[in-house]
Amino acid sequence: MTETVSSEPKTAQDLFRFLDGLGIRHTTKNHPPVFTVAESESLRDEIPGGHTKNLFVKDKKDRFFVLTVEERASVDLKSVHKVIGASSRVSFGSPEKMLEYLGVIPGSVTVFGALNDTGNNVTFVLDEDLMAHEIINGHPLSNDATTSIGRDDLLRFLTATGHEPLVLKVTG
């Protein structure tokens, strides 16, 4: 069952308060908005850890997924459904559903969007290769900053939002 939440999406400040409440250490660096991996590469020297690319996809039964992988990794959209348990090949989710479920707009998809998915409409999938990094970086609900968090703390965050993250090999 899907649930629509009519409240305003949570902000980066809400995310930071949530992480603080869980006792999770995090650091955030503000920067000009970045929409692509290529645009964000200039930040690598300033922000250590695994940098992410996030894909918001759905199957034919309207089950939604966020695939979080290393920024340079490739995901085969023709076969990833077999790995993540989707009912069919996946396609990109609409900007409307992205905003409704994750509280973000295109270019800002992030694993931290789980904070806004109070109806548990989205399955979060973390790539095994990404999880080899001790520090994981993602947008804090907008693409004008990067938040760094420990790998194990990311798993704790997702669980605390009511999501059981899947750690799977989704990249080629």
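We number each residue from 1, following the sequence as shown. The figures here come from the full heavy-atom set of this structure, side chains too, leaving out hydrogens, waters and symmetry mates.
Judged purely by atom type and a 3.5 angstrom limit, T146 has no side-chain atom pairing as donor or acceptor with the backbone of G138. Under a 3.5 Å cut-off, the side chain of N116 and the backbone N or O of L102 do form a donor-acceptor pair. The main-chain N or O of N137 is found under 3.5 Å from a side-chain atom of T52 such that the two form a donor-acceptor pair. Proximity of a side-chain donor or acceptor of T159 to a complementary backbone N or O of L155 within less than 3.5 Å is detected. With hydrogens and angles ignored, the 3.5 Å screen pairs a side-chain donor or acceptor of D117 with a backbone N or O of V122.
For F64, the ring pair (Phe, Tyr, Trp, His ring centres under 6.0 Å) criterion is met by F56, Y101, not counting sequence neighbours. For F16, the ring pair (Phe, Tyr, Trp, His ring centres under 6.0 Å) partners at least two apart in sequence or on another chain are H26. Listed by chain and residue number, nothing satisfies the side-chain contact (heavy atoms from CB on, under 4.5 Å) test with S74 (two or more places apart in sequence, or in another chain). When the salt bridge (Lys or Arg N to Asp or Glu O under 4.0 Å) test is applied to R89, no partner is found at least two apart in sequence or on another chain. Residues passing the salt bridge (Lys or Arg N to Asp or Glu O under 4.0 Å) test with K58 are D62, sequence neighbours excluded. By the side-chain contact (heavy atoms from CB on, under 4.5 Å) test, T11 pairs with Q13, D14, sequence neighbours left out. Every residue two or more places apart in sequence or in another chain was checked for a side chain to side chain donor-acceptor pair (under 3.5 Å) with T110, and none qualifies. Evaluation of the side chain to side chain donor-acceptor pair (under 3.5 Å) rule for S79 yields D76 as partners, not counting sequence neighbours. For K169, the side chain to side chain donor-acceptor pair (under 3.5 Å) partners are D129, T171, not counting sequence neighbours.
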_Evaluation steps, side chain to side chain contact (heavy atoms under 4.5 Å, CB included), between D127 and L67_ = CA-CA 7 Å; D127 187 54; L67 309 179; over 6 Å; no

*Verify side chain to side chain contact (heavy atoms under 4.5 Å, CB included) between V170 and V69, making sure each step is shown before the conclusion.*
CA-CA 8 Å; V170 296; V69 304; 3.7 Å; yes

*Test side chain to side chain contact (heavy atoms under 4.5 Å, CB included) on F157 and F18 and set out the steps.*
CA-CA 9 Å; F157 160 77; F18 188 81; 3.7 Å; yes

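For the residue pair L126 and P165, the shortest heavy atom distance occurs at CD1-CB, 4.2 Å. In this structure, L168 and I84 approach most closely via the heavy-atom pair CD1-CA, 4.0 Å. When all heavy atoms of N143 and G107 are compared, the pair lying nearest together is CB-O, 3.3 Å. Minimum heavy-atom separation, G162 to N120: O-ND2, 3.0 Å. Shown here for H51 and I47, the closest heavy-atom pair between the two residues is NE2-O, 2.7 Å. Looking at every heavy atom in both residues, P95 comes nearest to P106 through CB-CG, 3.9 Å.
Both L154 and L141 belong to a common hydrophobic cluster when Ile, Leu, Val, Met, Phe, Trp and Tyr are linked at side-chain heavy-atom distances under 4.5 angstrom. Both L158 and L19 belong to a common hydrophobic cluster when Ile, Leu, Val, Met, Phe, Trp and Tyr are linked at side-chain heavy-atom distances under 4.5 angstrom. Follow the hydrophobic side-chain contacts under 4.5 Å out from V111 and you never reach F65; the two are in separate clusters. Clustering ILVMFWY residues whenever any of their side-chain heavy atoms sit less than 4.5 angstrom apart, transitively, puts L166 in the very cluster that holds L77.
Within the structure, no pair that satisfies the ring pair (Phe, Tyr, Trp, His ring centres under 6.0 Å) test touches residues 69-88, not counting sequence neighbours. Screening residues 139-156 for salt bridge (Lys or Arg N to Asp or Glu O under 4.0 Å) gives D153-R156 as the qualifying pairs, with residues at least two apart or on separate chains.
Other residues sharing a hydrophobic cluster with I135 under the 4.5 Å side-chain heavy-atom criterion for ILVMFWY residues do not exist; the residue is a singleton.
No hydrogens or angles considered: a donor-acceptor pair under 3.5 Å links the side chains of S87 and D59. With no hydrogens or angles considered, no side-chain donor-acceptor pair links T147 and H139 at under 3.5 Å.
Around the CD atom of E128, the shell of radius 6.0 Å holds more than 12 heavy atoms that belong to other residues, nucleotides or ligands.
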